[in-house]
Amino acid sequence: MSEKEKVLQRYKRSERVNHWIVALCFGLLAISGLAFFYPAFFWLTGVFGTPQLARMLHPFIGIIMFVGFMVQFFRYWKYNFLDKEDIKWMSSPVAILKGHGVGDVGKYNGGQKGMFWLMTGCMIVLVVTGLIAWRAYFAEYFPIPVVRLALLFHAWAALILIAGIIVHVYAAIWVKGTIRAMVEGVVSQAWAKKHHPRWYREMMAKNERQDKEAETETAGK
Ligand code: HEM
């Protein structure tokens, strides 16, 4: 078997289901949010049946996205602290755009790590301001200027997150073999070696250890 055909597990099924639930919620929230914000996009409420239904569902979908993202947050935060290899990676945009691997990158590169914290910040602002502005349940407990400010920050956080997700999706498509990680759960060893060399070595060492343990176990039977 050639090296290209050998794969490494990057995401378990539960992680992938979690990710795509968050992504689906994000899509629905972006569609309904933009429809409420820009009259030119109002027709998008048709996706939900009626504008009233869109308005009613938006906050509930927001809660599902937030909870789903928090599960992702607690899964991945420990892999998302910047180290000096990430700084090397972040200082070489031209080499990266040319498709070269830069730095001894671990599970995530500097760009992914920055995106992770941007997503986290936006999610927190969105949920807090969204709850304050949720007319059906909470808005009446806050003075009107607070609700207005909450809506202003809500819209800003949403626009920043939408821009961030466009970059996230573009990067996932740009780096060949990445989408497969979130669809099939695996990446080729060649992909890992090139884009995440430190993670590649860690995974190879782990797999080797597991193989040895399995061999000793079978020999002992
Ligand atoms: C159609 C939309 C999306 C696509 C195609 C997509 C694609 C991907 C892919 C391929 C990965 C794996 C990257 C790797 O392992 O190197 C990934 C990871 C991830 N995605 Fe998405 N994604 C989408 C939407 C979203 C949304 C809406 C969110 C949350 C707001 C999100 C949050 C994450 C997180 C937290 C990770 C884990 C990696 C990290 O910490 O950077 N994704 N995505």
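This one's a predicted model, so the numbers in the text were calculated from it and none came from an experiment. Remember, it's 1-based here, ligands and their atoms both numbered in the order they're listed.
Using modelled atom types, one side-chain atom of His196 and one backbone atom of Lys107 make a donor-acceptor pair closer than 3.5 Å. Judged purely by atom type and a 3.5 angstrom limit, Arg55 has no side-chain atom pairing as donor or acceptor with the backbone of Thr45. Side-chain atoms of Asn109 do not come within 3.5 Å of backbone N or O of Val105 as any donor-acceptor pair.
Ligand 1 lies less than 4.0 angstrom from a heavy atom belonging to Tyr11. At least one heavy atom of Trp20 sits less than 4.0 Å from an atom of ligand 1.
For atom 39 (C) of ligand 1, the candidate residues are Tyr108, Tyr76, Tyr170; the nearest heavy-atom contact is made by Tyr108. Nearest residue to atom 34 (C) of ligand 1 from Met65, Gln72, Lys107 is Gln72 (criterion: closest heavy atom). Checking Gln112, His196, His195 against atom 13 (C) of ligand 1, the nearest heavy atom belongs to Gln112.
Taking the centre of each ring, Trp134 and Phe142 stay at or above the 6.0 Å mark. Between Tyr11 and His19, a ring centre-to-centre spacing not shorter than 6.0 Å is recorded. Taking the six-membered ring wherever Trp is involved, the centroid distance between the rings of Trp156 and Phe153 does not fall below 6.0 Å.
Proximity to Phe26 (heavy-atom distance under 4.0 Å) selects the following atoms of ligand 1: 27 (C).
Atom 30 (C) of ligand 1 has Met123 CE, 3.4 Å as its closest protein atom, hydrogens excluded (heavy atom only). Looking only at heavy atoms of the protein, atom 10 (C) of ligand 1 is closest to Thr178 O, 3.4 Å.
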Test ring-ring contact (aromatic ring centres under 6.0 Å, His included) on Phe26 and Trp20 and set out the steps. CA-CA 9 Å; Phe26 170 81; Trp20 292 118; over 10 Å; no

Using the rule given for ring-ring contact (aromatic ring centres under 6.0 Å, His included), can you reason through Phe116 versus Phe73, listing the C-alpha separation, both sets of side-chain angles and the distance that settles it, and then say yes or no? CA-CA 8 Å; Phe116 178 83; Phe73 177 83; 5.6 Å; yes

Let me see the working for Lys88 and Asp104 under salt bridge (Lys or Arg N to Asp or Glu O under 4.0 Å), right down to the final yes or no. CA-CA 9 Å; Lys88 257 190 228 166; Asp104 197 21; over 6 Å; no

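No part of Phe66 comes within 4.0 Å of ligand 1, judged by heavy-atom distances. The proximity of Arg10 to ligand 1, defined as any non-hydrogen pair under 4.0 Å, is limited to the side chain. Of the heavy atoms in Asn80, only side-chain atoms (C-beta onward) come closer than 4.0 Å to ligand 1.
Annotation: Lys78, atom NZ; neighbour count of heavy atoms from other residues, nucleotides and ligands within 6.0 Å is above 12. By the neighbour-count criterion of 12 heavy atoms within 6.0 Å, atom CG of Leu97 is densely surrounded, having more than that number from other residues, nucleotides or ligands.
Take atom 21 (Fe) of ligand 1 and draw a sphere of radius 2.8 Å; the protein N/O/S atoms inside it number 2.
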